[in-house]
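Predicted, not measured: the structure shown is a model, and the values here were computed from it.
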Amino acid sequence: MTEVTEYVASLPEPERAVVARLLDRVPALVPDAEQGTSYGMAAYRHRGRPLVAVAVGPRECTAYPFSSDVTAAVLATLDGFDATKGGIRFTVDRPLPGEAFDALVTGRRAEIDAALDRRRG
């Protein structure tokens, strides 16, 4: 097993099912994403950079795309969700919609690609 897989397996139900439903989407969205850690959290990484993590706290879960710009852009499309500067909060009773999670992942992937491609050019 790897970091994300181990983290999800360690969660109690029903959090495990909610977090797994989101994180299972990542390989389809970013086929070269690798499991690892970022900022002390189990996370997917893209091209060596943090892509996305989902952390479970005592009262809520938070999806972190490691980008305040991506967080703000996706949050603007949602009603009734709270956020930190770097992530969107949700609960088991009110999970983050799959489309919003996909937008976090693809937005962050585009941000990483643009930054790394600029360096090459």
query = In chain order, what residues pass the salt bridge (charged side-chain N to carboxylate O under 4.0 Å, His left out) check against Arg25, with sequence neighbours excluded?
reply = Asp102
Distance-only criterion, 3.5 Å: show the donor-acceptor pairs between side-chain atoms of residues 16-24 and protein atoms not counting sequence neighbours.
residue: Arg16; atom: NE; partner: Leu11; partner atom: O; Å: 2.9
residue: Arg16; atom: NH2; partner: Leu11; partner atom: O; Å: 2.7
residue: Arg21; atom: NH2; partner: Leu96; partner atom: O; Å: 3.0

Which pairs of donor and acceptor atoms, one on a side chain in residues 74-83, lie under 3.5 Å apart (sequence neighbours left out)?
residue: Thr77; atom: OG1; partner: Val74; partner atom: O; Å: 2.6
residue: Asp82; atom: OD2; partner: Arg89; partner atom: NH1; Å: 2.6

ask   = Thr106: what forms a side-chain contact (heavy atoms from CB on, under 4.5 Å) with it, not counting sequence neighbours?
value = Leu29, Arg109
message = Minimum heavy-atom separation for Ala42 and Ala53, please, with both atom names.
response = O-CB, 3.4 Å
key: Val52 to Phe101 - nearest heavy-atom pair and separation   = CG2-CE1, 3.8 Å
task = Determine the minimum heavy-atom distance between Val70 and Ala103, stating which atoms define it.
result = CG1-O, 4.3 Å
Non-hydrogen atoms of Phe90 and Val54 that approach each other most closely = CZ-CG1, 3.8 Å
inquiry  = Check for me, please, whether Val56 and Ile88 land in the same ILVMFWY cluster - side-chain distances under 4.5 Å, paths through other members count.
reply    = yes
request  = Any pair with a residue in residues 33-68 that passes ring-ring contact (aromatic ring centres under 6.0 Å, His included), sequence neighbours left out, goes on the list, sorted by first then second residue, please.
outcome  = Tyr39-Phe66
ask   = Do any pairs count as a side chain to side chain donor-acceptor pair (under 3.5 Å) and have a residue in residues 65-74, sequence neighbours left out, and if so which ones?
value = Ser67-Glu111
task = Determine which pairs satisfy salt bridge (Lys or Arg N to Asp or Glu O under 4.0 Å) with at least one residue from residues 37-59, sequence neighbours left out, and list them in order.
result = Arg47-Asp113, Arg47-Asp117
message = Just to verify, what does Asp93 make a side-chain contact (heavy atoms from CB on, under 4.5 Å) with, not counting sequence neighbours?
response = Thr91
ask   = Going by the salt bridge (Lys or Arg N to Asp or Glu O under 4.0 Å) test, which pairs reach into residues 29-41, not counting sequence neighbours?
value = none
remark   = Between Ile112 and Pro50, the two heavy atoms sitting closest are CD1-O, 3.5 Å
query = So, the side chain of Gln35 versus the backbone of Ala43: is there a donor-acceptor pair under 3.5 Å, distance only?
reply = no
task = Without swapping roles, check the side chain of Thr84 against the backbone of Gly87 for a donor-acceptor pair under 3.5 Å.
result = yes
inquiry  = Measuring from atom OG of Ser10 to atom CD of Glu15, what distance do you get when rounded to the nearest 0.5 angstrom?
reply    = 11.0 Å
